[in-house]
Amino acid sequence: MLDRGSYTTKILGSGGIYPYESKIERYLSDMRDYFIDRKAVEEILSSGRNPLIYVVYEISRELRGELNVGCTVIYPGKIGDEYHFTKGHFHSNVTTGEVYIGVSGEGLILMQDKNGAFNVGEIETGTVVYVPPGFAHRAVNTGKTELVFLAVYPSDAGHDYETIMRTGFAKIVVERGGRPTLIDNPNYRRI
Ligand code: PAN
Ligand code: ZN
């Protein structure tokens with residue numbers, strides 16, 4: 001699939017990148033504890049549906065100083081009132097930052113550090129968002145089409161999903177009056 005000697009890949013839009021090394025698919029069943037409306041989650045799953053929320057096409061490298069590239073495609077939709085999003089994570093190596101580059105679609109990136117600082121950025125075609133070291137990050141698709149973005153991050157970053165899963169993000173993105181709205185997360189617990 002990927003010739004390790006080649007350093008070129010191509011952005012295919014909602015098809016991700018090609019070639020890539022690995023593909024990760026996240027279905028609703030993989031994220032049942034993430035969405036705020038647990039009842040909506042269980043209703044969807046018990047009706048036999050299990051929507052694909054997002055896919056990540058990744059090329060990872062090994063040595064310190066090398067850079068990984070990931071292309072994420074978040075499919076449009078909501079669970080209850082809440083727009084589809086990525087799980088979100090801190091980097092295990094807290095000294096590592098990241099850059100997100102918007103390819104297509106419309107969305108937001110939520111960022112939050114362990115002291116409670118919170119930041120939100122827009123992701124759309126051509127936007128470049130810097131995620132500073134120490135900030136957990138989650139992308140949210142607020143549009144009607146796939147949200148596609150590239151992520152570039154150090155090969156030794158590592159992904160800590162556990163911490164943010166325990167606390168949640170301070171804000172969530174829901175539809176209110178037909179529009180994406182950032183509201184306080186009622187289940188947020190500060191570390
Ligand atoms: C991204 C994310 C990707 C999927 O490549 O890994 O958008 O999100 P989750 O990893 O939170 O499921 C990145 O931030 N890499 O470090
Ligand atoms: Zn990351």
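In each ligand, atom 1 is the first atom listed, and ligand 1 is the first ligand listed.
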Self-check item: Worked verdict on N93 versus T96 for side-chain hydrogen bond (donor to acceptor under 3.5 Å, both in side chains)
Solution: CA-CA 6 Å; N93 180 346; T96 57; 4.8 Å; no
Quiz item: Aromatic ring centroids of F135 and H137 under 6.0 Å?
Solution: no
Quiz item: In terms of atom number and element, which parts of ligand 1 are under 4.0 angstrom from non-hydrogen atoms of Y100?
Solution: 1 (C), 2 (C), 7 (O), 13 (C), 14 (O)
Quiz item: Considering only protein heavy atoms, which is closest to atom 12 (O) of ligand 1, and at what distance to one decimal place?
Solution: Y54 OH, 2.5 Å
Exercise. May I ask you to decide if the ring planes of H89 and H159 are parallel, tilted or perpendicular, using 30° and 60° as cut-offs?
Key: tilted
Quiz item: How far apart are the C-alpha atoms of E21 and S60, what are their side-chain angles, what is the distance that settles it, and do they pass the side-chain hydrogen bond (donor to acceptor under 3.5 Å, both in side chains) test?
Solution: CA-CA 7 Å; E21 182 190 28; S60 52; 2.9 Å; yes
Quiz item: So do the side chains of R38 and D33 get within less than 4.5 Å of each other, counting heavy atoms only?
Solution: yes
Exercise. Specify the closest pair of heavy atoms between I44 and P51, including all atoms of both residues, with the distance to one decimal.
Key: CG2-CD, 3.7 Å
Practice problem: Starting from atom 11 (O) of ligand 1, locate the nearest protein heavy atom and write down its residue, its atom name and how far away it is, to 0.1 Å. | Solution: G88 N, 2.8 Å
Self-check item: atom 8 (O) of ligand 1 [closest protein heavy-atom partner, distance rounded to 0.1 Å]
Solution: T86 CB, 3.4 Å
Quiz prompt | N or O pair under 3.5 Å between H137 and ligand 1 | solution = yes
Quiz item: Taking the side chain as C-beta and beyond, is there a heavy-atom pair between K171 and D184 under 4.5 Å?
Solution: yes
Exercise. Measure the distance from atom 13 (C) of ligand 1 to every protein heavy atom, then report the residue, atom name and distance (to 0.1 Å) of the closest one.
Key: E98 OE2, 2.8 Å
Self-check item: Any A139 heavy atom less than 4.0 Å from ligand 1
Solution: no
Exercise. For atom 7 (O) of ligand 1, grab the closest protein heavy atom and report residue, atom and distance to one decimal in Å.
Key: T72 OG1, 2.7 Å
Quiz item: Can you list the ligand 1 atoms lying under 4.0 Å from a non-hydrogen atom of V56?
Solution: 3 (C), 4 (C)
Practice problem: Under the ring pair (Phe, Tyr, Trp, His ring centres under 6.0 Å) rule, what do F35 and F85 come out as? Steps first, then yes or no, please. | Solution: CA-CA 9 Å; F35 290 96; F85 54 67; 4.3 Å; yes
Practice problem: Measure from the Zn ion (ligand 2) to each N, O or S atom of H89 and report whether any distance is below 2.8 Å. | Solution: yes
Quiz prompt | R138 touching ligand 1 at heavy-atom level, < 4.0 angstrom | solution = no
Quiz item: Does ligand 1 have any atom sitting under 4.0 Å from a heavy atom of A151?
Solution: yes
Quiz item: Mind checking whether H159 has an N or O less than 3.5 Å away from an N or O of ligand 1?
Solution: yes
Quiz item: For V174 and Y83, which heavy atoms make the closest approach, and how far apart are they?
Solution: C-CE1, 3.4 Å
Self-check item: H91 NE2 and E98 OE1 subtending at the Zn ion (ligand 2) (10° steps)
Solution: 80°
Quiz item: Which of the atoms of ligand 1 are close to Y161, meaning less than 4.0 Å from one of its heavy atoms?
Solution: 9 (P), 10 (O), 11 (O), 12 (O)
Exercise. Please report the shortest heavy-atom distance between I24 and E58, naming the atom on each side.
Key: CD1-OE1, 3.6 Å
Quiz item: Are any non-hydrogen side-chain atoms of L182 and L110 less than 4.5 angstrom apart?
Solution: yes
Exercise. Supply the atom-to-atom distance R138 CZ to I74 CD1, rounded to the nearest 0.5 angstrom.
Key: 10.0 Å
Quiz prompt | Distance filter under 4.0 Å to Y153 heavy atoms, resulting ligand 1 atoms | solution = 15 (N), 16 (O)
Quiz item: Taking both backbone and side-chain atoms of E58, is any N or O found less than 3.5 Å from an N or O belonging to ligand 1?
Solution: no
Quiz prompt | Contact atoms of ligand 1, heavy-atom distance to F149 under 4.0 Å | solution = 7 (O)
Practice problem: Note the single closest protein heavy atom to atom 6 (O) of ligand 1, along with its residue, its atom name and the distance in Å. | Solution: H89 CE1, 3.5 Å
